[in-house]
Number of protein chains: 4
Amino acid sequence: MSQVADSKGSRARTATAKRQRLTAAAARVVHQQGVERTTIADIARAADVPVGNVYYYFKTKDDLVAAALSEHAHGLQTLTTRLDRLPDPRQRLKGLVAAWVGERELAARYGCPTGTLASELGKRDEGGLAEEAGKVIRLLLDWAGHQFRQLGLPDPDGLALTLVSAYQGMSLLANALREPGVMTREGRRLTDWLDSLPDPRD
Amino acid sequence: MSQVADSKGSRARTATAKRQRLTAAAARVVHQQGVERTTIADIARAADVPVGNVYYYFKTKDDLVAAALSEHAHGLQTLTTRLDRLPDPRQRLKGLVAAWVGERELAARYGCPTGTLASELGKRDEGGLAEEAGKVIRLLLDWAGHQFRQLGLPDPDGLALTLVSAYQGMSLLANALREPGVMTREGRRLTDWLDSLPDPRD
Amino acid sequence: MSQVADSKGSRARTATAKRQRLTAAAARVVHQQGVERTTIADIARAADVPVGNVYYYFKTKDDLVAAALSEHAHGLQTLTTRLDRLPDPRQRLKGLVAAWVGERELAARYGCPTGTLASELGKRDEGGLAEEAGKVIRLLLDWAGHQFRQLGLPDPDGLALTLVSAYQGMSLLANALREPGVMTREGRRLTDWLDSLPDPRD
Amino acid sequence: MSQVADSKGSRARTATAKRQRLTAAAARVVHQQGVERTTIADIARAADVPVGNVYYYFKTKDDLVAAALSEHAHGLQTLTTRLDRLPDPRQRLKGLVAAWVGERELAARYGCPTGTLASELGKRDEGGLAEEAGKVIRLLLDWAGHQFRQLGLPDPDGLALTLVSAYQGMSLLANALREPGVMTREGRRLTDWLDSLPDPRD
DNA sequence: TATGAATGAGCATTCATTCAT
DNA sequence: CATGAATGAATGCTCATTCAT
């Protein structure tokens with residue numbers, strides 16, 4: 001009986017695992033090649049799944065892109081959840097910046113996953129994927145805004161906008177110039193800026 | 001004979017005009033649709049040039065994209081040349097920011113022309129177009145760096161990086177959120193920042 | 001033991017029921033969508049049977065189409081059996097025409113089930129399904145010929161051909177023009193014709 | 001100069017000829033294989049045109065089917081135009097029947113081109129092709145109705161309906177039974193019927 | 001040079017059929 | 001028998017690029 005359970009479980013696990021593999025592969029490959037230059041076959045190969053089988057899990061290519069987007073959203077939430085364990089909002093924000101700088105090589109090669117995706121999808125008229133990308137970025141804005149608010153600073157959402165905007169800008173420049181150093185330098189500037197903000201709670 | 005000369009001249013002029021029309025159309029359409037979603041036919045139509053004729057002016061699609069890039073570079077130089085007439089470097093930099101904010105509607109709809117192009121081309125492995133996009137951005141960096149240097153500020157190139165990075169970031173966010181207001185808000189912040197910088201020459 | 005028997009019986013009954021559901025669904029869906037536009041999944045869904053299970057009852061899609069054909073043949077036999085209870089052959093034939101007219105809405109929307117099936121299958125080179133469709137139509141021809149023969153009319157098979165041909169023609173036109181009225185009008189004409197035939201037995 | 005004219009004319013003629021070849025091939029192949037079983041490649045091969053080139057002349061497969069339909073409409077008009085030269089409406093109608101019987105081999109193999117097309121397209125919900133097929137059949141109805149009207153007979157449109165309906169029915173049966181003889185027999189019956197109609201003009 | 005037409009490789013998607021459990 | 005999942009061959013369609021005139 002446990003054998004049957006295992007068997008069924010394994011099947012379910014396999015199916016779920018495959019969907020997850022496809023999602024992860026889509027996130028990765030789309031980040032590296034862009035939406036339009038990525039073929040379903042590329043993703044299938046990266047996930048080690050037969051092409052025809054992809055459509056069992058995702059009805060269209062856009063569905064796969066949407067999955068890639070939520071994969072990035074998920075990664076973002078994993079990060080913020082970890083940062084939330086830090087006691088101080090300022091530390092959390094600085095931790096966020098540190099995480100960005102930690103990804104500098106990837107950013108210099110392919111840009112910010114969410115930002116470049118939003119940039120490419122933003123040129124579309126239909127499909128709703130552009131809105132979806134906007135939502136993921138808003139997730140980050142909201143979290144950062146929450147931290148600034150906890151710090152008791154005025155205009156916390158504006159500060160969040162400045163922070164995330166800086167991140168997108170430095171990622172784009174690092175990528176355009178192929179210089180990870182941009183991330184380091186601007187990251188340091190952001191950290192200094194965060195340190196310089198007063199803590200009205202004192 | 002003068003007729004022949006006229007004819008040739010007119011033809012040459014026509015040819016140049018056609019090339020220019022194609023270049024301008026490429027810059028515009030690619031900005032709106034992205035490189036991959038833009039077909040040669042799209043550009044030909046926008047330039048009112050027969051499809052088969054495009055290849056007399058541009059050997060490949062990439063050549064057209066390169067032309068779009070230099071069109072943007074040219075637009076940038078037109079802008080900086082105009083700003084250069086202002087007597088004060090700080091005024092010039094604030095004029096640059098004002099120009100960015102002036103384009104907020106376009107930025108909210110399609111992002112920064114150069115930035116989104118660099119973002120899309122950055123995912124390529126070959127062709128050299130990514131480098132080309134980097135060069136256009138460097139043009140902007142260099143000009144801004146020059147202004148900061150004239151102001152006598154330390155690390156002028158770093159300041160330029162921060163400024164351009166902020167521009168790219170705010171354009172991307174304005175685009176992702178479809179909110180021109182982002183440009184206004186961040187533009188004001190940049191202006192304040194520029195005003196806050198000391199002028200060591202005093 | 002009775003439990004086992006019940007179980008088997010129930011299972012067998014279930015299996016038969018499933019087969020029947022699939023057959024009925026195939027007949028219905030294929031009539032509505034045509035053979036080529038109907039997928040196995042369409043039929044499985046209409047029969048509320050899991051896709052993978054279909055192949056335990058029908059080896060191929062063509063087998064399902066054959067089943068749809070015999071379902072129509074069965075419906076035809078149910079009809080003629082009922083008509084056979086009428087005492088007079090002429091009444092039976094007029095009853096047949098009345099039945100056709102009674103289905104005018106369906107005919108105007110999807111044509112005659114057997115006729116449209118024969119039409120579509122008639123374009124095939126192989127598989128024998130075209131012949132199968134011919135047989136179903138021959139069933140109708142034979143029954144009608146039998147009635148005309150009982151009426152003692154000369155060339156009963158020719159009369160049957162005329163009658164069935166008229167039915168196929170009016171169904172096709174009703175369908176092509178999307179006008180159920182064609183069935184009514186031509187049905188009345190056929191009834192008048194049947195009434196006008198002499199009864200040599202008098 | 002005539003050379004230039006010829007040259008241009010030849011190009012135009014070639015292009016037009018290719019479109020015509022594709023249209024004719026579509027009409028033929030679709031008649032033989034049905035819409036759904038016919039691939040663009042089939043038609044391209046039959047017309048001796050590279051597959052990719054088909055789309056220069058027809059945007060979609062449905063456009064090709066529409067072209068096949070109008071090809072049949074054109075053939076029908078050629079026929080009726082020829083028949084119109086006959087002095088007597090009754091002769092014209094009998095000529096129509098004779099033409100149908102003359103095509104008995106084709107009808108027995110593939111059915112009536114327009115009828116089978118209408119039958120297959122009638123199962124569609126969208127695209128408007130079903131309506132288009134209906135129009136072609138209506139062309140025939142109108143012409144026949146006109147003849148009956150000229151004969152001074154009551155309910156000429158009803159008579160036309162009966163005539164065309166008979167044609168569709170006999171074509172379908174000849175096809176389903178694979179018996180050209182059906183066309184001959186029913187054709188004779190129709191001719192007799194036409195002869196039996198009174199001529200109120202006498 | 002100018003231009004409509006030609007070409008063929010590539011891509012997203014569908015679907016009948018089979019497999020593993 | 002039951003079932004979700006797997007498989008791969010087709011198919012319609014697009015598009016950069018080339019050709020013929």
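In what follows, chains carry the letters A, B, and so on, assigned in the order in which the sequence lines appear, proteins first and then strands, with residues in each chain numbered from 1.
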Chemist: Just how far, in rounded Å, is P of E:dA16 from CG of A:Asn53?
Modeler: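 The answer, rounded to whole Å, is 17 Å.
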Chemist: Within this structure, what is the CZ-to-P distance between D:Phe58 and F:dT14, rounded to whole angstrom?
Modeler: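 Between P of F:dT14 and CZ of D:Phe58: 15 Å.
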Chemist: Using modelled atom types and a 3.5 Å cut-off, is there a donor and acceptor pairing between side-chain atoms of C:Thr60 and backbone atoms of C:Asp63?
Modeler: yes
Chemist: If you find the nucleotide of DNA chain F closest to C:Val49 and the one closest to D:Val51, which residue's nucleotide is nearer the 5' end?
Modeler: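 Nearest-nucleotide comparison on DNA chain F picks C:Val49.
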Chemist: Hey, which of these two, A:Thr60 or D:Val54, hits DNA chain E nearer its 5' end, going by closest nucleotide?
Modeler: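 Residue closer to the 5' terminus by nearest nucleotide: D:Val54.
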Chemist: Can you tell me how far C1' of F:dT3 sits from OH of C:Tyr57, to the nearest Å?
Modeler: 12 Å
Chemist: Quick one: is the NZ or CZ of B:Arg28 closer than 6.0 Å to the six-membered ring centre of B:Tyr110, and within 45° of its axis?
Modeler: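 The answer is no; the distance or angle limit is not met.
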Chemist: In whole angstrom, what separates A:Arg37's CZ from F:dT14's P?
Modeler: 21 Å
Chemist: Check whether the side chains of A:Lys123 and B:Thr116 place a donor and an acceptor atom closer than 3.5 Å, and report yes or no.
Modeler: yes
Chemist: Just the dot-bracket of DNA chain E, please: which string comes out with Watson-Crick or G-U pairs under 3.5 Å, [ ] for crossing, | for another strand?
Modeler: .||||||||||||||||||||
Chemist: Please list, chain by chain and in numerical order, all residues satisfying side-chain hydrogen bond (donor to acceptor under 3.5 Å, both in side chains) with A:Asp62, sequence neighbours excluded.
Modeler: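 If we apply the side-chain hydrogen bond (donor to acceptor under 3.5 Å, both in side chains) test to A:Asp62, skipping adjacent residues, the hits are A:Arg124.
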Chemist: What is the separation between atom CZ on B:Arg19 and atom P on E:dT1, rounded to the nearest whole Å?
Modeler: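 Between P of E:dT1 and CZ of B:Arg19: 11 Å.
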Chemist: Answer yes or no: is there an ion pair linking B:Asp125 with A:Arg37, defined by an N-O contact shorter than 4.0 Å?
Modeler: no
Chemist: Give me each pair satisfying salt bridge (charged side-chain N to carboxylate O under 4.0 Å, His left out) with a member in residues 43-60 of chain B, each pair once, sequence neighbours excluded.
Modeler: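 Output for this query lists B:Asp42-B:Arg45.
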Chemist: Please determine, for the side chain of B:Pro50, which listed nucleotide (E:dG4, F:dT7, F:dC15) has the closest atom?
Modeler: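 Among E:dG4, F:dT7, F:dC15, the one nearest the side chain of B:Pro50 is E:dG4.
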Chemist: Let me know which of D:Leu129, D:Val30, D:Val35 forms a side chain to side chain contact (heavy atoms under 4.5 Å, CB included) with D:Glu120.
Modeler: D:Val35
Chemist: Using heavy atoms to find the nearest nucleotide of DNA chain E for C:Gly52 and B:Tyr56 separately, return the residue whose nucleotide is more 5′.
Modeler: B:Tyr56
Chemist: B:Asp42 has an atom CG; how far is it from atom C1' of F:dT14, in whole Å?
Modeler: 12 Å
Chemist: Could you check how far CD1 of C:Ile40 sits from P of E:dT18, rounded to whole Å?
Modeler: 11 Å
Chemist: Nearest whole Å is fine: how far is F:dA5 P from A:Tyr55 OH?
Modeler: 18 Å
